[in-house]
Every structure is written in C-alpha cells, then in structure tokens.
Amino acid sequence: MSNTAWAIVELVDLQAVYWQLTFVNDFVVSHEGEIVSQSSRQCSTAIVLNTCRGIFYTDSEELKAALSVSAKLYKFEVSIKEIARNGTILELNRHVCELAEESVIGIIDGTGGQSTEFIQALCDILELPHVTIKHNEIKENSYILNLHPSSMAYNMVMEKLVARKEWEEFTILYLKGYSLIRTNSLLKLNTHNDRYVVTLRELRGNDYRDVLIGAKESGYVNFVVDCPQENVPIILKQAQEVGLLADEHSYIFVSPDLFTLDLERYRYGGVNMTGLRLADFEENEDLWNFAYNFNKEFVYAREADQLTSEILLIHDAVLIFSKATEKMKYGLQRPEGLSCENGTSWNHGSSLLNFMKTNKVDGFTRTLTFNGHGDRHNVIFDVLELTPAGNQTIGTWNNNNLTISRPILAGSDIVEETIMKNRTFKVLIATSAPYGYVKESSDQLEGNDRYEGFTIDLIEKLSEILGFSYEFEVELEYGTKDPQTQKWNGMIYQLMEDKADFAICDFTITSLRQSAIDFSTPFMSLGIGILYKTPSKQPPEMFSFMAVFSKEVWYYMVLVQLGLGVIMIFVGRISHKEWQNPVPCIEQPEELSNQFSFANSVWLIIGSVMQQGSEIAPIALAPRLITSVWWFFTMVIVASYVGTLVAFLTVEKNVLPFETLEELYKQKSISYGAKSKGSTLGFFQHSPNPILAGMYKKMVDNHWLVGTNDIGVAKCENETYAFFMESTSLEYYKERHCDLLQVGDSFDSKSYGIGMKKGSPYKKYIDYGLLKLKESGEIQKLKNIWWKEKRGGGKCGIKRDEEQKQLGLKNMLGAFVVLGVGCLIGLSISVIDMLWGVFKRTVKYNTTFKFELIEELKFALKFSGDIKPVKRHQKSQDSSDSVAEAEAKDEIKSLQHITRIVPNTLVLVWLLLNDVNTADIGDKQLVVKS
Ligand code: GLU
C-alpha cells in the first residue's frame, strides 16, 4: 500500500438524515450544538445535519484540519477515524466495506497510488462515487472523480513551458520509484527531434547531493523537477549546497505547490524557478477565510498562499458533495444494504457521479468541471516565477493555452527585477560642486529638473537599472552627532527618522556614521589633500648643479672610484707585464717597478672622469680592459650630467613654504582649515596623532574652519591659507582654479557611498546597481564629464611639469652594471695571468705551485712598494740572452713540461680506473706503486 497520507470521508446521505430527523426528533442539533426549532430546519435545508467522517493517517494533521474546517464550512459534522500509516490492504478493505454498509453516498480518498486503485476497484463494484485529491491515473468507466489535474494537463503545460523558455537541453530530476507520468511528453521530445537533449537523473535515498553534483558537472543548466511536493524542500536545499541554484540555472517544478514553500533563501541567488499554482488567490475572500479558520484548527499557522493544493482539494471535494447533495436531495435514495460480501451496488451512485461531473462548482482550485472519465476538464494554473522581489505570477495556463504576460527572464535579468520597481523614493542631495548644482536656466524649472551634477546623473542611471522614481530634496548638512544629546542631524537624521530614503552627495563613509545608517558599496575613492596657492617662482639655488644627480648617485660614484682604485692596484700588481724594468739601459735589472701605485691609480681614474686623461697607460690586458670600461662609464655619466645641468641651472622652481603636514603645523604665518561639520574635520578631531590633534585645536580655536568647499577655495586664493579638502573635490577645483595646487599626497583613504536607513531592504539592489555602473565604466564616464568638461572644466589645461627630473640611481644603473661586469672580467683575466706567471716560476725555480702562489699574493696584497726584486734570475754573464729571451725560454720549458705532465696524468687516471699497475708511454714505463 502507498505510504502517502490518505483520507476516506464518508458522507451520510442527507435525505436519510432528514427522514431520521423527521421521525425521531422534534429538534435538530446543528453542528455548533445550538438547539434550533423544527420550523427553522424545515425552511432551511442548509442546516440539515450531515456527517463528514474522515479516516486519516495519524500524522496527516493538515488534511484532518482541512476536513474539519471544510465540514464546518458546509455544515457537516465531522468525525475522524485514524489509522496507522503502514495500514494493510485488508485494513483498507475493511474501512471501505464498513462505510458502504453504513450507507455512505461517496468516498473522498486522500491516498493515491495503489490504495486509490484498490478503493477505485471497490467503489466500481459498489457503484459509489470516489473522489480523489492526489494525482492518480484513472481507469475508464470508473466511479471516480479526480480533483487533481490529470497527467495530460501537466504534460501539456510542461511542453509549452519548455518551448517558451527555448530550452534545447534540460535534465529531468525525478525521484526513485516515482513515475514520470507528468513529464513523459518531455522525454518524447528527445526522440522526435534531434534539437533537444533531454537527460534523466534519478534522485535516490535521502541524500541527493551526489546526483546533483553529477548534474552540475554535466554542465547542463536547465532542470525539470518531477517529484512529490514533500521532497522539494530537501532537493532545493541540497541543490543550493552543491551550487546548482546560481544565476545560470533555471528550473521548472512540476509540483503545483512550489510557491507554498518559503523560498526567501533562494530569492537573491539569481536562480530562475518557475512553478505552477492551482489555487486562485485573486480577490478570493472565501479562501482567506478558510485559511483563517484552518489556522485556528491547525497548530502551525499558514498564510493562505501557503496552503497546499491537497488541503484546498479536500475543501473542494467536500464542496462538490455539498453542492451535489444540495441540488439532488429529493432525487437521491440512500444506499441500503450495500455490502462487499454479496456484491450489491447503489443504484443512484451513477446519477450522483454524473451530476457531480457536470455540475459546475467554483472551488478554491477554480472551476471544477470534469470530462466523461472523471478527469478535470480545463484546468487553470497560474505560472509563477521566483524573483528577488518575491513570487510573481508571470502567466496562466487556461483552455490548454499558455499565456505569458511578462517575458520569462534569464537568471541575471531577474536580479534587476526588484522591489524598488515602480516606487518613488525621496533622495537627499547637496548643492556641492560637482556632486550637485542648482541648474542655471532662464526658464522656471520645477521638481528634479532644478538640479544637475554628478550624483544627480548617478541616481538617474541607478533608477534606470532598478526601475524606481525619485524626488530630490536639498539638505546641506550631511550629519554630525551632538556629543551632549547624542542625536544626529542633517541627512543622517532624516534617513534615521524615515524622512528620506537615500542620501547621495560627497557623503563620506565613516565608522561613526555607519553606526547610525547604512551605506551602499562605495562609488568613489579619495583621501584628504592640502589645497594651496601656487607659490611664486624662485631662482635656482647656489648648488643646484649638484642636484643633477640624486644623492645616491653621488655617493655611489665616490664609492666606485675608491673601489676601482683598489682593483687597479691589485690587478696592476698581479699582472706580470705591469712589472717593468725601471732602467731600460740595464738589461738585467735587479728590480722591476710597477706604475699602479695608489696615487697613480686614483689619478688615472679622476683624469678620465674629468675628461682630461693622464700619462698613466696600462700595459697588461686586464688593467687595459678595466680602464676601458671605466672610460665608457665616465663617458655615460658625464654626458648625462652635462645634458641635464643646463636645465637645473636655468629653471626657476615653485618653492613651497611647506611640503608636509608637520611643516605646515610649524608654520606661523600660514592659517589652515577644513569644512566645518565634514568628515575631513572629523579626521583631525578623532586622530590620536598629536600633530593632527594640535592642528584640529588650532583650526577650531582660531576659527579657521569654513562652511563650504567654495569658501575654502576662495580663502586659499586670496589669503595665506591652506585648505584640507577631499582629493576628489580638490581635483575638481584644481581643474578650474589654475593658481591652486595640491601639496604632497593624500594622507588617508576613504570612499563615498549612498546613505540609507539602517537595515534598508534596498541596500542590496543599490549595491548591485552601483557595481553594474562601475563595471560598465559609467561612473568613470560621469566623473570625466563633471570634473573635466562641464561647468568650466578643462580651463587650466594640462599643467606642464617644468621641474627638471633629477637623475637617480635608477637612471644610471645601466652604467654601473657595465662597469661592474667589466671589472669582474678584468679581474678574472688578471687572476689567470697571475696563475700562469706563478706556474712558470714553479717550473723555473723548481718550487711548488703553492709556495709561489702564496709568495705572489703576499706581495700583491701588501699594496705597497712598487719595486719588485727580480728573484733568482739566471746567472750567465756570458750569455747574451736578454731577460726577455730568458723568460721566453722559460715559457717553452714550461710548455714542454705541461706536454709531459698532461698525458702522464691521463695515463695514471686510466691505470687507477682499470686497476692496472704498469703502462708503457713511448720508451718509458709508468709504474703505480701501492
Ligand atoms: N565629504 C565630507 C562629508 O561627508 C564633506 C567634505 C569634507 O569634509 O571635506 O562630510
């Protein structure tokens, strides 16, 4: 048996009751328990006592409550029997047969599925009208009325909706064990037409997340959900958890009760949800009364639009019986002696059923008419869509026709459909340039036309996106909190007290203000800057030629020269060619001399910097290379210096009397101020920094504050006055007052936002609109118009920066790098040269390499003594060889030595690797001794 809730309602034939009452009682007890006179009973059949007996599952509270309320409404007495949810067919059989024996005239069946089939079979035998409220497939020629719309009706709506949404791919999500009878025509789309891609996904168990994740990964974004209403909340919840309810996703729910759920949490996600509704809420007072009574009966209060179709259909079922029995009361005979055992049936059953089929009744689920089979004829559905503004009826299904009164929106478009639409808001503005101005016009302007400016255009753009209207009101005070009364004034007060909806101007977002009102997402960023008059030009300073290079460059140049001096000495001392015979006429000198003394090296370096040269000329390769690189370096440096020097010596500079806040604070002759009651002043007021706090005190004590930015700017121009102003406004005034400039950089960072009441429901829409405008570059466009073009923009043109740019380390880095690399190469060459010399001496004097190397380095690193004794020179008086010839011979010897050593070493390595002890090399034998 089906596990769904079910109800059997027994309706006692009112005729029988009437007869009973006539014979048995003089008085009739109404359902309200009042004693009414027989005469009143006779004149009004409406109060004839009927009984409505219902059988429900113990937990079907809603349906029980619905039956009670409906019974009371149509003057039935209600009597409810309860059965366990897991009742058996036998139990069901017993109940139906008992009811038949008790002469009921019809059965309202709330079960569905197999149970309905079973009841239907019994009712067919007994010829008792059987009214179902759940979705069932009914057999032909049965004694049944199906109040729930037929599968055919659902199939037709679904097909039309899918076509209307122009879906070519979609996934049907259905519950395991639940037939796809309401959507099978969608499945056929796939087979009939290649254009459609229809996927089926079965939701199993209690956790549908795996299936939903699979659906998400497939990349398809359109879904038809066909499952019982009780499963919809969990499917929605889990779909949201796996990210399947985003902007791009679109759903059609087959259940006619989707919109009885609280969909608040899905409203703003951008998902498009379309569903159907059976009930007609439009001006349906009876339905609202029913909901009121239902709430009195049922523990959980529900709004009328939260009543499910099953609840409403219970009402409609009772209504159908009520109307039929009312109209047929004299033509019906109470069923007598009906029994399941002997197969008797009720002769009047078919008349009652046929009457009910044709009798037009207006129920809560609209007009109840039926076709010959007992299916509802011409079902009317409302088509609803979930939008951020709530549930909206977008069309109807009537006469087998889908009429959409508003285009079905894409997910992202829905976001624009807001609760702000068609509403008029009061917007506070300030006449503060360039955010808001009073328009200059020869005509008499009225309403919003009186104003123009950046924020006026911004609100206009927002209203286009969000569909609202607005009225401006000028408020010059933005809002400050009185420290005594703790009360706000100005715009903040107006917003807090609901006297206005939004405030838009150069409204700075501060934490204090945010404690009282909400701000939208920022639409402009800024900081505080100092506006000051451009000072008169001053002739160049005495040492301006030094300013060509930055300090670092000078420091590095001195360092480089010292470093290079040391390198030159070292390289000179280790390069053996630099050791020359000081007295050329002596062929075999005792000593050699080296020109790279400290003085000579420095002289060589400075001589080239000064472009004068010197007589010192390097002989060996390494010193020559290093010297060449140095010359290149000096060439670059000198050319750069000379090229820039003229500008430094001639350009007159604006010499500001202060460049930082500290310097301004120390100035005695310059007054400074900010806009009173503005956030700029608040910055100084609440700063823990002693300088800023001191400045605040001075500004207040000396009455240096001004009422508006315009006054501050005028003071700047005409007095020795520095004005603290927000960088955005500063930029605006600089464009129009060419004698003003910003001193230094901005020294804090904040933003402007649109102010609104705390917890305003419009904040998210305003944020959304602002983000859209930012992303599309509209805000920047408006800024360019109001800052640079309109109202005198572009007057000062582009101010050319006449100040010559000092050459810093960054500019000269390349030359330093070339010098560094050149020195490294030179050093490497000289080291190789030194090692070669050391090696030659090793061979010549038969000493070790290490010994000679240490000796050489010791001498080189002494950095003193530019005379070197010619060590152990060849004593051969009679030899006519010069020292040079001797050295040349030495070199040949060394080379011979190398040519012997290298093959021997290779052979030795080969012996060791191959574990062999002897090898023949020419006429010699090499023996490895362990
Ligand atoms: N934007 C400021 C405020 O919101 C006014 C201008 C200023 O203080 O510099 O109060």
Side-chain angles (χ1 to χ4, degrees), residues 538-575 578 594-653 655 659 801-831 833-834 860-864 866:
Q538 301 288 320
E541 287 163 15
M542 189 163 56
F543 293 106
S544 52
F545 60 86
M546 289 295 286
V548 174
F549 287 133
S550 70
K551 279 181 194 156
E552 295 133 287
V553 176
W554 285 121
Y555 293 149
Y556 281 113
M557 282 206 338
V558 172
L559 262 180
V560 159
Q561 290 186 34
L562 289 176
L564 197 76
V566 173
I567 291 172
M568 288 301 268
I569 298 169
F570 178 71
V571 169
R573 291 174 77 80
I574 61 173
S575 307
E578 287 296 340
N594 192 313
Q595 57 178 336
F596 283 103
S597 64
F598 183 73
N600 280 354
S601 302
V602 172
W603 188 242
L604 171 72
I605 290 164
I606 293 179
S608 31
V609 175
M610 297 301 163
Q611 306 284 288
Q612 297 306 315
S614 69
E615 281 169 13
I616 295 130
I619 301 161
L621 177 63
R624 279 188 176 176
L625 185 91
I626 294 174
T627 310
S628 318
V629 177
W630 173 247
W631 285 340
F632 175 77
F633 174 79
T634 52
M635 183 185 76
V636 174
I637 294 283
V638 170
S640 311
Y641 182 82
V642 172
T644 321
L645 183 64
V646 183
F648 273 83
L649 294 180
T650 53
V651 170
E652 296 191 331
K653 278 205 295 185
V655 181
E659 288 197 1
D801 195 357
E802 285 182 334
E803 240 183 54
Q804 277 307 317
K805 260 195 96 196
Q806 195 173 50
L807 297 173
L809 191 60
K810 263 193 203 160
N811 308 81
M812 307 314 297
L813 195 63
F816 281 97
V817 170
V818 170
L819 178 66
V821 173
C823 287
L824 276 179
I825 296 172
L827 264 174
S828 316
I829 293 173
S830 66
V831 166
D833 187 29
M834 176 191 76
L861 292 173
K862 255 201 299 184
F863 283 105
S864 69
D866 47 5

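These numbers come from the heavy atoms of this one structure, side chains and all, not from hydrogens, waters or symmetry mates.
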Evaluate Phe648 against Met546 for side chain to side chain contact (heavy atoms under 4.5 Å, CB included), listing each step before the verdict.
CA-CA 9 Å; Phe648 273 83; Met546 289 295 286; over 6 Å; no

Please test Val821 against Ile825 for side chain to side chain contact (heavy atoms under 4.5 Å, CB included), starting from the C-alpha separation and ending with a verdict.
CA-CA 6 Å; Val821 173; Ile825 296 172; 4.0 Å; yes

Given side chain to side chain contact (heavy atoms under 4.5 Å, CB included), test Leu807 with Val553 step by step and report yes or no.
CA-CA 8 Å; Leu807 297 173; Val553 176; 5.8 Å; no

Determine, stepwise, if the pair Leu621 / Asp833 fulfils side chain to side chain contact (heavy atoms under 4.5 Å, CB included).
CA-CA 9 Å; Leu621 177 63; Asp833 187 29; over 6 Å; no

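When all heavy atoms of Arg624 and Pro618 are compared, the closest pair comes out as NE-O, 2.7 Å. Of all non-hydrogen atoms in Ala622 and Gly826, the two that sit nearest each other are CB-O, 3.1 Å. Nearest heavy atom pair, residue Leu564 against residue Cys823, reads CD1-SG, 3.3 Å.
Within the 4.5 Å cutoff, the side chain of Val571 has no heavy atoms near those of the Phe596 side chain.
Taking OG1 of Thr644 as the reference point, atom CZ of Phe545 lies at 15.0 Å (rounded to 0.5 Å). Here the straight-line distance linking atom CD of Gln595 with atom CE of Met568 works out to 8.5 Å at 0.5 Å rounding. Atoms OG1 and CE, on Thr634 and Met557 in that order, are 9.5 Å from each other to the nearest 0.5 Å. Once rounded to the nearest 0.5 Å, the distance linking CG of Leu824 with CD1 of Ile626 reads 9.0 Å. Atoms CG and CD1, from Leu819 and Ile637 in turn, are 9.0 Å apart once rounded to the nearest 0.5 Å. From Ser550, atom OG reaches atom CG of Asn811 across 8.0 Å, with rounding to the nearest 0.5 Å.
Below 30°, between 30° and 60°, or above 60°: for Tyr641 and Phe549 the angle between ring planes is between 30° and 60°, a tilted geometry.
Formation of a donor-acceptor pair under 3.5 Å by the Trp631 side chain with backbone atoms of Ser608 is not found in this model. Between the Ser830 side chain and the Leu827 main chain, a donor and an acceptor come within less than 3.5 Å of each other. The backbone N or O of Asn594 sits nowhere less than 3.5 Å from a side-chain atom of Glu578 that would complete a donor-acceptor pair.
A ring-centre distance under 6.0 Å is found for Phe633 and Phe816.
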